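Down below is the structure, laid out as structure tokens.
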Amino acid sequence: MAAVSRTYVTTPIYYVNAEPHLGHAYTTIIGDAITRWSRLMGNDTKFLTGTDEHGLKIQQAAEAEGVSPQAFVDDIAPKFAAAWDRLNIANDDFIRTTEPRHKAAVAELLQRCYDAGDIELDTFAGKYCVACEEYYQDDELIEIDGVADCCPTHRKPVEYFEEENYFFRLSRFQDRLLDWYAQHPNALTPEHRGNEALGLIRGGLRDFSISRTSLEWGIPLPWDDQHVTYVWFDALTNYLAAVGFGDPDQDYNDWWPATHLIGKDILRQHCVYWPAMLMSAGVELPERWAIGGWLLSGGEKMSKTSGNVVNPLDLIDEIGLDGFRYYVLAETAYGNDGDFTYEGLVGKYNSDLANNLGNLAARVATVVTKKCDGLGTAPDPESALADAARTAFADSASFWEDLQPSRALDATWGLIRATNGYLEQNEPWKAEPGAGVDTVMGDALEALRIVAILCSPAVPDTAQAVWERIGMPGLVSDQRLPDAAAWGQYEAGNEVVKGDPLFPRIKL
RNA sequence: GGCGGCGUAGCUCAGUUGGUCAGAGCAUCCGGCUCAUAAUCGGAAGGUCGUCGGUUCAAGUCCGACCGCCGCUACCA
């Protein structure tokens, strides 16, 4: 094992039948912040996101617009990439399921499972809603205006389909999955979500079909080109494809296994289907699954019909990129549902960013300007703040490691609060310039230096701005923890500038 | 129906294996300060930890019942 550890983090790939929305942004920002922290800790880190581009809905949407499916997805996929760009997402790769590398990986995984005897031909019959791309049980269907067997979602009659499908024999994996999870008790986080996954497995597993003959827009099975692979063998495999699975010239184990960030809605597929597929194929299982909740809007799930859809890019215009990122990361305990409200966004922004971080930077710069000739001064190695800094780093690190950004940031903000209190105690603005003031301000500058590092995964632009205003050279993102968080590194003589408020207060 | 989760100060939530566990942040009130973005600092107030029982010397913390929310229930990010 190398001294440096490798971290490979993935988001779900997003289905391109809609443009990026807040839910996509939520998961992606969390992944970004987690991987930024990992890089700060000196790990080799790869962060992957991408788009899911196959399936009947895409095929139909393309037909409706009179374009080829490829042209359709080529139009939408870049919108996701562009959105992540705007959100300052530092993904190392962006995978599309229509790429050759992905198709190769899917073929490889399918073939392995087929060779293992876990994929078999069978007949599937049922009532099928084309819009949902899904079969329904009789008791799930509803009657509308006297018309029986209507899809409960789309409120249109379903069709009776019967087709030959290949099935993945998921039912064979129940014990193996339970054993594996028993041996890897920390693989599923947070715990209560993990329990749901285990409950699903204990409840019994049914084989699921993995192919369609009726579908054209997808990846053909390597041993039977009459069939196109369907949904999960296609989508999930992206995580392997992006690290070279299926490419003889690459070793996917250079990065594999992954930490998967997922939403609670796709827990079954990721925590039950996916590990079983990997077991069958002889691929190591993921290292970890982090299961997030929904980011609701005004207490309800976002939907077009509710009119409560929030466009993340609009919010950036109003409250700034880092204001938005901070809110998403700090307001909600990961794993639980969060509730997005404009009032909450502004409240968090004003209290944490404007009043605490922004104002601290401003008051420090002003006092340094007035009392220290605008040049930074050295901290006291034995400063009372040193302890707060140690605690802030240790707690932040622990919470980032636990994939709890909201708590990590609260721990970081503890140092900001401590610094404000420290200034209040010492009142350097009342004292004559001299050694006493210099030391107090050196302590505050040192605290700001550490805060800039610790908050950089969440608010990278702001962190860099603070870094520069206190006269630190280079990029804050090039700092490496834990060394960079050790107290006493701020050097006297740096030019300190005040600048405009980092976060102007916003009136509700 | 089945499985799972939740219910702790006005709000968002912390509270490992039961014994300073009744907490933090925000909001509110009072006071201080004026370097700072009417920011900041200190203090106060605020909860019978959903309800009712039980186990125990001791229970938000374990057990049972109940009430109220919510998720999943099979192949839709």
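Below, read A as the first sequence line, B as the second, and so on, with proteins coming before strands; counting in each chain starts at 1. This one's a predicted model, so the numbers in the text were calculated from it and none came from an experiment.
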- Query: Using the rule for Phe, Tyr, His and the six-membered ring of Trp, do A:Phe208 and B:rC75 stack at under 5.5 Å and under 30°?
  - Reply: no
- For A:Asp352 and for A:Tyr422, find the nucleotide of RNA chain B with the closest heavy atom, then tell me which residue's nucleotide is more 5'. A:Asp352
- Would you say B:rC75 has OP1 or OP2 under 4.0 Å from some side-chain N or O of A:Arg206? no
- Message: With a 4.0 Å cutoff (strictly under), does any side-chain N or O of A:Asn17 reach OP1 or OP2 of B:rA77?
- Response: no
- Message: Nearest whole Å is fine: how far is B:rC35 C1' from A:Glu427 CD?
- Response: 10 Å
- Message: Can you confirm whether more than 12 heavy atoms, excluding those of A:Glu120, are under 6.0 Å from its CD atom?
- Response: yes
- Note on the structure: In whole angstroms, the gap separating P of B:rC41 from CG of A:Leu423 amounts to 10 Å
- Item | Value in whole Å for how far the C1' atom of B:rG15 lies from CD of A:Gln404 | 14 Å
- Between B:rA39 and B:rA77, how far is it from one C1' atom to the other, in whole Å? 43 Å
- Message: From C-beta outward on A:Thr366, which listed nucleotide comes closest to its side chain: B:rC35, B:rU40, B:rA77?
- Response: B:rC35
- Message: Measuring to OP1 and OP2 of B:rG15, would you say a side-chain N or O of A:Arg407 lies under 4.0 angstrom away?
- Response: yes
- Query: OP1 or OP2 of B:rC76 less than 4.0 angstrom from a side-chain nitrogen or oxygen of A:Tyr230, does that happen here?
  - Reply: yes
- Message: Quick check on the 6.0 Å ring-centre criterion: do A:Tyr230 and A:Phe208 meet it?
- Response: no
- Atom CZ of A:Arg169 and atom P of B:rC75 are separated, to the nearest Å, by 16 Å
- Message: In whole Å, I'd like the distance from the NZ atom of A:Lys348 to the P atom of B:rC26.
- Response: 9 Å
- Message: What's the gap between B:rC21 and B:rC13 when it is taken at their C1' atoms, as a whole Å value?
- Response: 15 Å
- Take atom OH of A:Tyr326 and atom P of B:rG25, then tell me their distance rounded to the nearest Å. 13 Å
- Does CD in A:Glu432 sit with more than 12 non-hydrogen atoms of other residues, nucleotides or ligands closer than 6.0 Å? no
- Query: Relative to the 5' end of RNA chain B, which residue comes earlier, A:Leu357 or A:Glu331, by the nucleotide with the nearest heavy atom?
  - Reply: A:Glu331
- Paired to B:rG1 by Watson-Crick or G-U wobble criteria (both distances under 3.5 Å) is B:rU73
- Hey, is the side chain of A:Glu196 pairing donor to acceptor with the base of B:rG71 inside 3.5 Å? no
- Query: Is any side-chain N or O of A:Lys498 closer than 4.0 Å to OP1 or OP2 of B:rU37?
  - Reply: yes
- Message: If we count only N and O atoms by modelled type, under 3.5 Å, do the side chains of A:Asp322 and A:Thr462 hold a donor and an acceptor together?
- Response: yes
- Message: With no hydrogens and no angle check, just 3.5 Å: does a side-chain donor-acceptor pair link A:Thr412 and A:Ser396?
- Response: yes
- Message: Anti or syn, where syn is a glycosidic angle within 90° of 0; which label fits B:rG47?
- Response: anti
- Query: To the nearest angstrom, how far is A:Leu188 atom CG from B:rG5 atom C1'?
  - Reply: 15 Å
- Query: Within the structure, does a side-chain N or O atom of A:Lys430 lie under 4.0 Å from either OP1 or OP2 of B:rC35?
  - Reply: no
- Item | Interatomic distance where CZ belongs to A:Arg202 and P belongs to B:rU73 [whole Å] | 18 Å
